[in-house]
Amino acid sequence: MTFTNVSAQAKKLKDTTPEQRAKMQTEWMTTKLALNTSQIQKVSALNLQYAQKNEPIIQSSENKLSKFKKLKALQKEKSNALSQILDAAQYQKYQEIKDQMIQTLKEKRK
C-alpha cells in the first residue's frame, strides 16, 4: 500500500509542469508563512527556478536513489536562498513545516 502511494505521488509529480508545481508551492507558502507582496514575487520566481531545475531529474530514468540525492541537493540550495527572502520567524516556521512533512513521509513508508 505504501509503495502504491509513493508511486502514485511520483506519477502525479511527473504529470505536472514546473510552472504548475511552482504555483502550488507559492500559494502554499503564501498561506502558511503569511508572505508580503514583495516576498510573494521573490518566492514565486525562486519556486519556478527550482521547479525548472528539478524537471530533468524528475523526468529522467535514473534510479530513485540517484534522483533523491540530486533533488535533495537542489532543495538545500533553495532553502538557503529562501533564508534570504523570508524573515527569521517565517524561515523558522518553513523549516518546522518541512521537517514535519518529512517525518510524515517517513512514517507512511514504514
Side-chain angles (χ1 to χ4, degrees):
M1 175 129 164
T2 305
F3 179 73
T4 307
N5 279 344
V6 171
S7 294
Q9 288 173 347
K11 182 174 177 359
K12 199 184 301 185
L13 193 61
K14 274 189 169 186
D15 291 343
T16 59
T17 66
E19 293 77 12
Q20 289 170 321
R21 291 192 298 272
K23 185 175 187 247
M24 286 187 288
Q25 286 178 328
T26 302
E27 289 171 356
W28 176 86
M29 293 173 78
T30 300
T31 303
K32 296 287 185 185
L33 304 175
L35 302 180
N36 64 39
T37 306
S38 172
Q39 288 174 318
I40 292 170
Q41 291 175 336
K42 292 175 185 174
V43 166
S44 179
L46 187 70
N47 284 338
L48 180 58
Q49 176 187 353
Y50 278 91
Q52 289 170 336
K53 284 184 177 185
N54 290 340
E55 183 67 6
I57 299 167
I58 292 168
Q59 298 299 335
S60 78
S61 58
E62 294 181 52
N63 67 47
K64 288 181 184 178
L65 183 59
S66 178
K67 285 183 181 184
F68 174 78
K69 287 180 179 180
K70 289 178 181 179
L71 291 170
K72 188 173 180 179
L74 285 176
Q75 180 59 39
K76 187 173 181 175
E77 279 180 28
K78 182 180 172 184
S79 286
N80 289 337
L82 273 173
S83 71
Q84 305 301 309
I85 297 170
L86 304 176
D87 66 33
Q90 287 171 320
Y91 188 72
Q92 176 70 28
K93 187 171 183 178
Y94 167 77
Q95 289 290 80
E96 288 171 3
I97 293 169
K98 190 175 83 169
D99 291 345
Q100 185 178 17
M101 289 170 68
I102 290 169
Q103 191 61 37
T104 301
L105 285 174
K106 284 180 180 178
E107 288 173 11
K108 284 183 178 181
R109 284 192 348 215
K110 291 181 181 179

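K53 NZ to L71 CG: the interatomic distance, rounded to the nearest 0.5 Å, is 12.5 Å. Rounding to the nearest 0.5 Å gives a distance of 11.5 Å between NZ of K69 and CD of E62. The structure places OG of S79 at 11.0 Å from NZ of K72, a figure rounded to the nearest 0.5 Å. In this structure, L35 CG and T30 OG1 are separated by 4.5 Å, a value rounded to the nearest 0.5 Å. Annotation: the span from D87 atom CG to K93 atom NZ amounts to 11.0 Å, rounded to 0.5 Å. In this structure, Y94 OH and L86 CG are separated by 8.5 Å, a value rounded to the nearest 0.5 Å.
One hydrophobic cluster, built from ILVMFWY side chains closer than 4.5 Å, holds both L33 and M101. Linking Ile, Leu, Val, Met, Phe, Trp and Tyr whenever their side-chain heavy atoms come within less than 4.5 Å leaves I85 and M24 in two separate clusters. Hydrophobic clustering, with ILVMFWY side chains joined whenever heavy atoms are under 4.5 angstrom apart, groups I97 together with Y91. Connection of V43 to W28 is established within a shared hydrophobic cluster, with ILVMFWY side chains joined at heavy-atom distances below 4.5 Å, either directly or through further cluster members.
Side chains of E96 and Q100: no donor on one and acceptor on the other come within 3.5 Å.
Of all heavy-atom pairs spanning P18 and A51, the tightest one is O-CB, 3.3 Å. A pairwise comparison of heavy atoms in T16 and E55 identifies O-OE1, 4.4 Å as the closest pair.
None of K78, K42, K23, R21 except one satisfies the side chain to side chain donor-acceptor pair (under 3.5 Å) rule with N47; the exception is K78.
Within 6.0 Å of NZ on K32 lie no more than 12 heavy atoms contributed by other residues, nucleotides or ligands.
For the pair L48 and E19, the minimum side-chain heavy-atom distance is below 4.5 Å. In this structure, K70 and S60 have side chains that are not in contact, with every pair of non-hydrogen atoms separated by 4.5 Å or more. Using a 4.5 Å cut-off on side-chain heavy atoms (C-beta onward), L46 and T26 make no contact.
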